[in-house]
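Numbering of ligands and ligand atoms starts at 1, following listing order.
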Amino acid sequence: MTGRRERKRMDLADAAESLAQARRLVVFTGAGMSAESGIATFRDAGTGLWARFDPRTLATPEAFRADPALVWGWYEWRRAAVRRAEPNPGHLAVAAMAARVPETVVITQNVDDLHERAGSAAPVHLHGSLFAPRCSACAAPAPVPDGAAEPGEGRRLAPPRCGRCAAPVRPGVVWFGEALPERALEAAVEAAYRCDVLLTVGTSGLVYPAAEIPQVAARRGGTVIQVNPEETPLDAVCALNLRGPAAVVLPALVRAAWGDAVPA
Ligand code: APR
């Protein structure tokens, strides 16, 4: 076995050992977690959403004020893609970890519902959700559209009106320049502060304050383990960097830690 493959095998074994001994686990995920479910990431070269679309015209409060139909249409297009997608073995492995480790908190930057559909109870959504629209003026929760009016890519779709104040309804996601939901951020920082193991999966670690979460755990002496095919700025705070796709590495980790099989 080549040195590199042997290194990989040993890193996976070490990570599995940490996982098997964990009492308080945090699983922190980004767009790479859902990539193998067919959901585009943001910054992957060529395929990432920000390589194809301009976040200044789609993902800021100003963009929504300037052209609500363009923005609403884009998020409805993304929500339709999520509805067609299925959780991948990586999502299932995360749910399996929670069944094994007494205290597990899933913290995600993703606005899809694939963790929930894989069986993870109450993941903390730091950047909101595509399934929690609200009024852009009075913040009243709005019903999730049934998706009948599924717009094609780049198509405009007028947002519904708030049932309480008739202002346009906006997607329930966090846009650039907006603060994260306070309670979610507090819960995430506290979980990172208290955990003994944190898995960071499929995030470039470039967007703050979310990217601070693995660093909080590392500063507190927690074992931070990264799952990502590529290097990221988080490498420096990780005890182990497992280079590979989430839907392959996470089931392998569960198998190595507890012998459990995760459905493929
Ligand atoms: N498995 C694991 N990781 C993967 C996979 C995969 N199959 N495919 C890609 N990745 C990795 C990439 O190497 C990259 O490091 O996932 C990461 C995705 O990074 P981004 O696209 O930057 O996504 P993320 O880190 O979640 O972005 C953070 O930025 O645009 C905002 O609000 C948006 O929540 C998002 C935030």
Requested in this report: Might you work through the side-chain contact (heavy atoms from CB on, under 4.5 Å) test for D113 and L130, ending with a clear yes or no?
Outcome: CA-CA 8 Å; D113 63 346; L130 290 167; over 6 Å; no
Query raised in the report: For atom 23 (O) of ligand 1, which protein heavy atom lies nearest, and how many Å away is it?
Result: A31 CB, 3.5 Å
Requested in this report: Please say whether G244 places an N or O atom under 3.5 Å from an N or O atom belonging to ligand 1.
Outcome: no
Report task. Any chance you could pull the hydrophobic cluster mates of V216, using side-chain heavy atoms under 4.5 angstrom and chaining through other members? Result -> Y193
Requested in this report: Quick one: look up the protein heavy atom nearest atom 30 (O) of ligand 1 and list residue, atom name and how far away it is.
Outcome: W50 NE1, 2.8 Å
**Report entry** Residue T41 vicinity, atoms of ligand 1 by number, heavy atom under 4.0 Å
**Finding:** 21 (O)
Query - Distance-minimising heavy-atom pair for R170 and E178 - result: NH1-OE2, 2.8 Å
Query raised in the report: Between P55 and W175, is any pair of side-chain heavy atoms under 4.5 Å apart?
Result: no
Query raised in the report: Short list, please: which atoms of ligand 1 are under 4.0 Å from a heavy atom of E230?
Result: 13 (O)
Report task. Apply side-chain contact (heavy atoms from CB on, under 4.5 Å) to L253 and L242, showing your working. Result -> CA-CA 10 Å; L253 260 181; L242 308 179; 4.1 Å; yes
Query raised in the report: In the protein, what heavy atom is nearest to atom 18 (C) of ligand 1, and what distance, to one decimal place, separates them?
Result: G202 O, 3.7 Å
**Report entry** atom 9 (C) of ligand 1: the protein heavy-atom neighbour that sits closest, reported with distance to 0.1 Å
**Finding:** D44 OD2, 3.3 Å
**Report entry** Per atom 4 (C) of ligand 1, closest listed option by heavy atom (P229, S37, A35)
**Finding:** P229
Query raised in the report: Of all the non-hydrogen atoms in the protein, which one sits nearest to atom 35 (C) of ligand 1, and at what distance?
Result: F42 CE1, 3.6 Å
Query raised in the report: What about N110: any of its N or O atoms under 3.5 Å from an N or O on ligand 1?
Result: no
**Report entry** 4.0 Å heavy-atom contact, V207 with ligand 1
**Finding:** yes
Report summary line: re atom 25 (O) of ligand 1, the protein heavy-atom contact at minimum distance is T203 OG1, 2.7 Å
Query - Residue pair N241, E231: steps toward the side-chain contact (heavy atoms from CB on, under 4.5 Å) verdict - result: CA-CA 8 Å; N241 290 293; E231 277 186 34; over 6 Å; no
Report task. Please determine if D112 and R117 form a salt bridge, counting it only when a charged side-chain N lies under 4.0 Å from a carboxylate O. Result -> no
Requested in this report: For G30, take its heavy atoms, then give the atoms of ligand 1 lying under 4.0 Å from any of them.
Outcome: 26 (O)
Query - Winner among Q109, R243, R43, H125 once heavy atoms are compared against atom 29 (O) of ligand 1 - result: R43
Report summary line: side chain to side chain contact (heavy atoms under 4.5 Å, CB included) filter on H91, not counting sequence neighbours, yields M33, S34, S37, P87, N88, L114, H115, A118
Query raised in the report: Against heavy atoms of E36, which atoms of ligand 1 measure under 4.0 Å?
Result: 1 (N), 6 (C), 7 (N)
Report task. Starting from atom 1 (N) of ligand 1, find the nearest protein heavy-atom neighbour and note its residue, name and distance. Result -> A246 N, 2.9 Å
Query - Presence of salt bridge, E153 and R52, under 4.0 angstrom - result: yes
**Report entry** For F176, the ligand 1 atoms whose distance to one of its heavy atoms is below 4.0 Å
**Finding:** 30 (O), 31 (C)
Query raised in the report: With only distance considered, is V227 within less than 3.5 Å of ligand 1 through an N or O on each side?
Result: no
Query - Under 3.5 Å: donor-acceptor pair, side chain of Q215, backbone of A211 - result: yes
Requested in this report: Would you check if the side chain of D196 reaches a backbone N or O of G222 as a donor-acceptor pair within less than 3.5 Å?
Outcome: no
Query raised in the report: With distance as the sole test, does R134 use its side chain to make a donor-acceptor pair with the main-chain N or O of A139 at under 3.5 Å?
Result: no
Query raised in the report: For atom 6 (C) of ligand 1, which candidate among G32, P233, A45 provides the closest heavy atom?
Result: G32
Query raised in the report: Do any N/O atoms on T232 end up under 3.5 angstrom from N/O atoms on ligand 1?
Result: no
Query raised in the report: Any N/O of P245 closer than 3.5 Å to an N/O of ligand 1?
Result: no
Query raised in the report: To the nearest 0.1 Å, how far is atom 15 (O) of ligand 1 from its closest protein heavy atom, and which atom is that?
Result: N228 ND2, 2.9 Å
**Report entry** I213/L198 under side-chain contact (heavy atoms from CB on, under 4.5 Å): CA gap, chis, key distance, verdict
**Finding:** CA-CA 9 Å; I213 298 298; L198 182 143; 4.1 Å; yes
